[in-house]
Amino acid sequence: MPTFDEARDLILRCAAPLGVEVVALDDSLGRVLATDQVSAWDLPMWDNSAMDGYAVRAQDCPAGSVLQIRGFLPAGRAADMSVVRGTAAKILTGAPIPSGADCVVPFESAEVREDTVRLLIQPVSGAHIRIQGSDLHAGECFLIAGTLVGPTEIAVLASVARTSIPVIRRPRVAILSTGDELLMPGEPVAPGRIFDSNGPALAAAVREAGSIPITLPIARDDPAMLRKQLEQGLLADALVTSAGVSTGERDLVREVLRDLGAREEFWKVDIQPGRPMAFAVAGDCCVFSLPGNPVAALLTFELLVRPALRRMGGHLRPTQATRRVPLGEPVQPRPDRVTLRRVRLEQIEDHLVAMSSGQQATGFVRTLAYADGIALIPSGTETLPAGTVVDVHALRQRGDFGGGAQ
Ligand code: AMP
Ligand code: MG
């Protein structure tokens, strides 16, 4: 049985980045760059003013100089004049610096009288000028392949006039809930039946990971039906099933996948919850057979499926760094395997501590909704006292650490 780290490494070795597609700049938000981005020109393209003020020649102007104002240079057009000794040009932020001038004296450091200006400061060569190429040089790579595009990346891409952006294709992820007991939303409640929560939850998790969910109709614990649905799912880049993956006589998912030619890489990981989980590869499709229990399904998705989707989606860092956080209370580890503990991160004085987010039994999904993170509690026999530092995997959708998630 692989450890958690071994299972994740194996999955990441099987997941390969998908192909490239080109999207409009507006549509690149949330996408991953497929190529390094190199600027064709300098940024700024020309020396320009960082302030509203007067463009002057510093060496000709001791403090108190009175200069003739010649010309007005707003942003948006080339400077059509030169500044000579004894003169200044009124200039606005962003306007190109006229020839002859080497600094800008801000309005607030100057006094205007009719068509002359008196400098209240000693101008310094280069002051308040944005130098050509000081932000970015022609030929320089400014964003590397694998970068996630957000508003700030769009700002840089737009400033060098990119309109079409090569990005990695989003993984298409088929989602299949299995089980005779499952009801679809809107169906009437019936004895012994429960509503499918894994389907909607995993579809949301897939979307949040930047992939495209394709939710298949619920499959019953019946080999023929399961086969038909799984066959459909294998056409996607990844297939995520839930339930039917333990050792019960109705647990048919692995067997049917094997019949369909999927190569199982492992079954069972050394974690709790989430131990009965299988990973297989069928052609180009990575198949994750997650446990049915909603907490186990979501935790294994977060820790083992999401990194694979990020790798397929071209992210530079497919796995999320964990944080080292002290426990806020004593915790009894399991003797035999790593426990995934649902925790809230609470601010105590100047540091965070990990506190239980509530009932830890696998059946309670509500306490997962209250958690800021998943603490990885190593196996052992001794109680871990409060203050023991453990790895915590942040649940990003919870936003900031330290808040009350409830
Ligand atoms: P199984 O792995 O099939 O034994 O299922 C384990 C537990 O998870 C059982 O209590 C199931 O009823 C429950 N379960 C399975 N699938 C789902 C689902 N899609 N939504 C909510 N609970 C489920
Ligand atoms: Mg079942």
Side-chain angles (χ1 to χ4, degrees), residues 1 7 173-209 211 213-230 232-233 236 238-259 262 264 266-280 287-306 337 339-340 342 358-371 374 397:
M1 189 188 321
V173 184
I175 292 163
L176 180 63
S177 295
T178 73
D180 286 340
E181 73 275 41
L182 301 181
L183 290 169
M184 290 193 302
E187 281 193 285
V189 178
R193 310 284 301 275
I194 60 167
F195 284 98
D196 170 23
S197 70
N198 289 341
L202 291 169
V206 163
R207 193 170 290 123
E208 195 185 57
S211 300
I214 302 161
T215 302
L216 300 170
I218 292 168
R220 302 301 166 194
D221 296 321
D222 161 75
M225 184 176 191
L226 210 44
R227 185 185 172 96
K228 206 169 127 232
Q229 306 279 68
L230 288 170
Q232 191 64 32
L239 165 60
V240 179
T241 70
S242 66
V245 76
S246 312
T247 43
E249 61 218 45
R250 292 283 176 88
D251 291 334
L252 305 167
V253 171
R254 296 172 60 224
E255 189 184 313
V256 177
L257 279 170
R258 209 173 305 128
D259 285 351
E264 190 169 273
F266 65 78
W267 173 53
K268 292 190 173 172
V269 189
D270 209 2
I271 51 175
Q272 166 66 34
R275 178 137 89 152
M277 137 165 198
F279 173 65
V287 188
F288 302 88
S289 306
L290 306 186
N293 190 292
V295 171
L298 277 174
L299 290 182
T300 47
F301 180 93
E302 181 64 31
L303 295 175
L304 294 168
V305 184
R306 185 199 284 269
R337 56 189 124 133
T339 319
L340 308 177
R342 286 153 260 167
Q359 300 247 38
Q360 294 291 324
T362 318
F364 297 101
V365 74
R366 189 159 73 108
T367 56
L368 182 55
Y370 299 157
I374 306 165
Q397 62 272 29

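Just follow the structure's listing: the first ligand is 1, and inside any ligand the first atom is 1. Index from 1, following the sequence. All values reported here derive from a predicted model rather than from experimental measurement. Any value given below was found using the heavy atoms of this structure, including those in side chains, with hydrogens, waters and symmetry copies removed.
- When atom types are taken as modelled, the side chain of T241 and the backbone of L176 share no donor-acceptor pair closer than 3.5 angstrom.
- N198 ND2, 3.3 Å is the protein heavy atom nearest to atom 17 (C) of ligand 1.
- If you check which protein heavy atom lies closest to atom 7 (C) of ligand 1, you get N293 N, 3.8 Å.
- Judged by the shortest distance from any of its heavy atoms, S197 lies inside the 4.0 Å radius around the atoms of ligand 1.
- For atom 22 (N) of ligand 1, the closest non-hydrogen atom on the protein side is I194 CD1, 3.4 Å.
- Of the heavy atoms in A243, both backbone and side-chain atoms come closer than 4.0 Å to ligand 1.
- With sequence neighbours left out, Q272 forms a side-chain hydrogen bond (donor to acceptor under 3.5 Å, both in side chains) with R337, T362.
- Atoms of ligand 1 found under 4.0 Å from any heavy atom of S177, numbered from 1 in the order shown, are 19 (N).
- For G179, the closest heavy-atom approach to ligand 1 does not fall below 4.0 Å.
- Without hydrogens or angle criteria, R193 side chain to P188 main chain gives no donor-acceptor distance under 3.5 Å.
- No donor-acceptor pair under 3.5 Å is formed between the side chain of S242 and the backbone N or O of G292.
- Distance from atom 13 (C) of ligand 1 to its nearest protein heavy atom, with residue and atom name: G292 O, 3.8 Å.
- Looking at T367, its side chain does come within 3.5 Å of a backbone N or O of Q359 through a donor-acceptor pair.
- Polar contact check, G244 against ligand 1: a nitrogen or oxygen pair lies under 3.5 Å apart.
- S177 contributes atom OG, which lies 6.0 Å from atom CG of L182 (distance to the nearest 0.5 angstrom).
- Summary of contacts: the protein heavy atom closest to atom 4 (O) of ligand 1 is D251 OD1, 4.3 Å.
- Rounded to the nearest 0.5 Å, atoms CG (D180) and CG (D221) are 4.0 Å apart.
- Geometrically, ligand 1 and D196 share a nitrogen or oxygen pair separated by less than 3.5 Å.
- Residues F288 and M277 come closest through the heavy atom pair CD2-CE, 4.1 Å.
- The two residues V365 and V295 make their nearest non-hydrogen contact at CA-CG2, 3.5 Å.
- When hydrogens are left out, the protein atom nearest atom 11 (C) of ligand 1 is E181 OE2, 3.0 Å; that is the closest non-hydrogen contact.
- Listed by atom number, the atoms of ligand 1 under 4.0 Å from P294 heavy atoms are 21 (C), 22 (N).
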